[in-house]
Amino acid sequence: MVDGEKPAAASKEVRPGSVKPELDGQRVAIRGWVHEVRDLGSLVFVVLRDRSGLCQAVFSRKGADANLQAALDGLTRESAVRVWGVVKVAPQSRMGVEVRGDGLEVLARAVERLPYEVTGKVPASMTTRLDHRILDLRKPANTAIFLIADTLFDAIREYLRGEGFVEVRTPKIIATATEGGAALFKVDYFGREAYLAQSPQLYKEELVTVFDRVFEIGPFFRAEASHTRRHVSEFTSVDIEAAFMNYEDVMRVLEGMVVHVFKRVLDERRRELELLGVSLRPPRTPFKRITYDEALRELEELGYEKSWGGDLETPDLRYLAKRHTGFYFITHFPTAIKPFYIQPDPSNPSVSESFDLMYQWLELASGGTRISDPSLLRQRLTEQGLNPESFKHHVAVYDYGMPVHAGWGLGFERLLMVITRITNIREVILFPRDRFRLTP
RNA sequence: GCCUGGGUAGUAUAGCCAGGUCUAGUAUCGGCGGCUGUCGCCCGCCGGACCCGGGUUCAAAUCCCGGCCCAGGCGCCA
C-alpha cells in the first residue's frame, strides 16, 4: 500500500457480489479472496470472491507504484485481499462491470500451490474434496448449498413457530438405547457407559406434557456401518412432537413446512439455485398418500411380489418411485416393524398410525401417532423384547397425564439433497462423518 | 457385515485386458520469460507421479499373492 493511495475515506465498502452496474463511477473498497489472476503483462485481471459472488478488478501495471507492482507480482490465488478503485460499466468484460483498481493490499497470503482447484478447472474426487473441505467449500456452487441450508434452517423455524411449536434441545449423551434398532456409539462418561443419542424421540414425547408442541433441530448419531450416498454417522434431524394431534395432523404440518421451505428458498436463493443449475417448483399439497397395503399391491402390479409384513426395502422403494415422482406419503405400516411407541390402528391393530415421507425412493421423514396409554406402552415394550426397567423414567411420565400425541423426524440433509439435487449426502454436510471419515 | 470396482505428479486422467517401443503421455498446477481487454487468457522453457510388501519373468505401471486405503451398491435407516 502506498502513501496517498490508501482508499479514500469516501470509498464505500462493498462485497464482490454487489459490484453492479448501478455503482458505476463510485469509489469502492472490496475485501475478499483471490479467485483467479489473469496476468496479461501490463494489464492484470484479478477476480475477487466471497460468499456473495465474484467481481473482476483490473489493474494497469503502467504507472503503478512499486507497492502495487509488488503486490500484483506476488499475488497468489485464495489470498485474502483488499482492493480499492472505481466501479466502471465494462461491456468488454463478461460480467458487464468491473473495478478499475487503484490499489491492492494482501491481508492474508495463501501459499502458491494449493492442493485443490477452487475454480473447478480440474475435477476432484469426493475424497480429495473432503480432505481439503475448506477450499472445496469456497467453490461458489458448494458455498451455495450451505447458503440454501441457512435459509432452510430459518424457514423451518419460522414455519414451526408459526404453528405454535417451541424450540427445545434434548440431551445428546444418554444412558440407554432409546428405541432399539440402530446401533449407537458408546462413550466413556466419567467411567460410566453412555451413548450418543440416535434421536430425541422419548424426550420430545415427554416434553409435550409441558409445552404441548415442541420441535428440535439437532445432531444425532448412528453407528451403522452403512456405506451409501445417503447415510452418514452424524446427521441433523428436524423433529416435532405435538400433544392433541394424531398422525394426520402432523402429516399436514410436515407437508405445509416443506412447501414453505421451498417458497422461501425460491424467494431468497435464486442466485444460489442458479449456481447449482436447479430449477425448483414448490410441491402442491396435499401430498399423495398411499397405504402400505396399496404399496404392496402396486409392487405386485409392477411384477414384484412381496409378502405382507416385511419392511419396504430399497429395491421396493425404487420400483415404487417409478410411479410416484416427487413427494408422497406411505402410511399404515405393520405395527410389528415399527418402534414400540407407535400407536396401533384401533380398528386394525396389526397396522399402525404411522407414515414415511418419501421423495421418489428417498425416505425423508417418518412419524406417526404415539401410544399414550401407559399399560399399552409397557405391553409393547415387552413385546419388542425391551426391558421396561430401562425405560422407567420414561414410562412414569405416562402416569402424569399423557394425552394423545404425534410427531415426526425429518432428515435435514436429505431434504437439502432434494432441494439442491445433490445426490451424495456428504456434499450437503460441511464436515461429514461416515464409516471411514473422522477428519477434517 | 456382505458384494462389486478402484489406487499413476499437488489435482484429474492416459497407459494395464494382449509385459519390452514408458528416460510413463495429456490437462491443470507451480517457477521463469513474453504479452494492454482477459474472462477455462494465450505462447515458450522448466519442475513434479506408477499405494506398500513379496512373487513370476531376460524384462513389471502392466501378470499373481498378501496388506493398507478408497468409491459405490445392498442390508439398516433419516
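Chain letters run A, B, ... following the sequence lines, proteins first and then strands; every chain starts at 1. Only heavy atoms go into these numbers, but all of them, side chains included; no hydrogens, no water, no symmetry mates.
Remark: R222(A) is not in phosphate contact with rG75(B), judged by side-chain N or O atoms under 4.0 Å from OP1 or OP2. Residue R38(A) places no side-chain N or O under 4.0 Å from the OP1 or OP2 atom of rU38(B). Contact check, S125(A) against rC70(B): no side-chain N or O comes under 4.0 Å of OP1 or OP2. OP1 or OP2 of rA78(B) has at least one side-chain nitrogen or oxygen of S366(A) nearer than 4.0 Å. Of the side-chain N and O atoms in K121(A), one or more sit less than 4.0 angstrom from OP1 or OP2 of rC29(B). When the side-chain nitrogen and oxygen atoms of R230(A) are compared with OP1 and OP2 of rA78(B), none of them lie within a distance under 4.0 Å. Contact check, R77(A) against rU28(B): no side-chain N or O comes under 4.0 Å of OP1 or OP2. Listed pair R94(A) / rG40(B) meets the phosphate criterion, a side-chain N or O lying under 4.0 Å from OP1 or OP2.
Within the 3.5 Å criterion, the main-chain N or O of T331(A) finds no donor-acceptor partner in the side chain of T291(A). Checking side-chain atoms of R109(A) against main-chain N and O of V106(A) turns up no donor-acceptor pair under 3.5 Å.
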Below 3.5 Å between N/O atoms, which protein atoms pair up with nucleotides 43-48 of chain B? Just atom names and distances, please.
{"residue": "rG47(B)", "atom": "N2", "partner": "R113(A)", "partner atom": "NH2", "Å": "2.3"}

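Note: CZ (F215(A)) to C1' (rA78(B)) measures 18 Å, nearest angstrom. Atom P of nucleotide rC76(B) and atom CD of E363(A) are separated by 11 Å, given to the nearest angstrom.
Taking atom C1' on both rC51(B) and rG44(B), the two are 36 Å apart, rounded to the nearest angstrom. The P atoms of rC52(B) and rA60(B) are separated by 15 Å, rounded to the nearest whole Å. For rU57(B) and rC64(B), the C1' atoms lie 12 Å apart once the distance is rounded to whole Å. Only the P atoms considered, rC50(B) is 25 Å distant from rC45(B), to the nearest whole Å. With both ends at atom C1', the span from rA71(B) to rU26(B) equals 24 Å, rounded to whole Å. Across the C1' atoms, rG66(B) and rU56(B) are found 15 Å apart, a figure rounded to whole Å. Annotation: rC17(B) and rC63(B) have their C1' atoms spaced 11 Å apart (nearest Å). Spacing of C1' atoms, rU21(B) relative to rG15(B), comes out at 13 Å, to the nearest Å.
For rC76(B), its base sits under 3.5 Å from the side chain of S226(A) at one donor and acceptor pair at least. Taking 3.5 Å as the limit, the base of rC76(B) and the side chain of H231(A) contain a donor-acceptor pair of atoms between them. Donor-acceptor pairing under 3.5 Å, judged by distance alone, is present between the side chain of Q56(A) and the base of rU38(B). With hydrogens and angles left out, the side chain of T314(A) and the base of rG75(B) share no donor-acceptor pair within 3.5 Å.
Contacts of H227(A) with the nucleic acid, taken as non-hydrogen atoms under 4.0 Å apart, include base atoms. Among the atoms of the strands shown, only primed sugar atoms or phosphate atoms (P, OP1, OP2) are found under 4.0 Å from some heavy atom of A124(A). Contact annotation for T128(A): backbone-only contact, meaning every heavy-atom pair under 4.0 Å involves sugar-phosphate atoms and none involves a base. Nucleic acid contact for L364(A): sugar-phosphate only, since backbone atoms but no base atoms lie under 4.0 Å from a heavy atom of the residue. V232(A) comes within 4.0 angstrom of a nucleotide base, judged by non-hydrogen atoms across all strands. Among the protein residues, T236(A) comes within range of no part of the nucleic acid, since none of its heavy atoms lies under 4.0 Å from any strand. Using a 4.0 Å heavy-atom distance criterion, D39(A) is classed as a base contact. Within 4.0 Å of E98(A), counting heavy atoms only, lies at least one base atom of the nucleic acid. Nucleic acid contact for E117(A): base, since at least one base atom lies under 4.0 Å from a heavy atom of the residue.
Sorted by first and then second residue, the salt bridge (charged side-chain N to carboxylate O under 4.0 Å, His left out) pairs with a member in residues 282-294 of chain A read E255(A)-R289(A); sequence neighbours excluded. Applying the salt bridge (charged side-chain N to carboxylate O under 4.0 Å, His left out) test to every pair with at least one member in residues 114-124 of chain A, sequence neighbours left out, gives these pairs: E36(A)-K121(A), R77(A)-E117(A). Among residue pairs with one or both ends in residues 86-101 of chain A, those qualifying as salt bridge (charged side-chain N to carboxylate O under 4.0 Å, His left out) are E98(A)-R100(A); sequence neighbours excluded. Residue pairs meeting the salt bridge (charged side-chain N to carboxylate O under 4.0 Å, His left out) criterion with at least one member in residues 225-239 of chain A, sequence neighbours excluded: K204(A)-D239(A).
Taking the six-membered ring where tryptophan is involved, the planes of Y304(A) and Y319(A) are essentially parallel, since the angle between them stays under 30° and well short of 60°.
The stretch residues 406-437 of chain A touches RNA chain B through R414(A), N424(A), I425(A), R426(A), R435(A), F436(A), each having a heavy atom within less than 4.0 Å of the strand.
By the ring-ring contact (aromatic ring centres under 6.0 Å, His included) test, Y292(A) is found to be paired with W308(A), F333(A), residues two or more places apart in sequence or in another chain being considered. Residues satisfying the ring-ring contact (aromatic ring centres under 6.0 Å, His included) test with F412(A), not counting sequence neighbours, are F153(A). The side-chain contact (heavy atoms from CB on, under 4.5 Å) test applied to R161(A) returns R157(A), E167(A), F215(A), not counting sequence neighbours. Take F185(A) and apply the ring-ring contact (aromatic ring centres under 6.0 Å, His included) test, not counting sequence neighbours, and it matches no residue. With sequence neighbours excluded, the residues forming a side-chain contact (heavy atoms from CB on, under 4.5 Å) with A321(A) are Q360(A), W361(A), listed by chain and number.
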* **Nucleotide-level pairing of RNA chain B, given in dot-bracket where Watson-Crick and G-U pairs need both distances under 3.5 Å and | marks other strands** => (((((((..((((......[....))))((((((.......))))))...(((((..]....))))))))))))....
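Each of V81(A), L107(A), V14(A) was checked for a side chain to side chain contact (heavy atoms under 4.5 Å, CB included) with R31(A), and the lone residue meeting it is L107(A).
Mapping L114(A) and R61(A) onto RNA chain B by nearest heavy atom places L114(A) closer to the 5' end of the strand.
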* To do: Report the C-alpha separation of R437(A) and D434(A) in whole Å, then their side-chain angles, then the decisive distance to 0.1 Å, and conclude whether the salt bridge (Lys or Arg N to Asp or Glu O under 4.0 Å) test is met.
  => CA-CA 5 Å; R437(A) 181 172 292 276; D434(A) 64 32; 5.1 Å; no
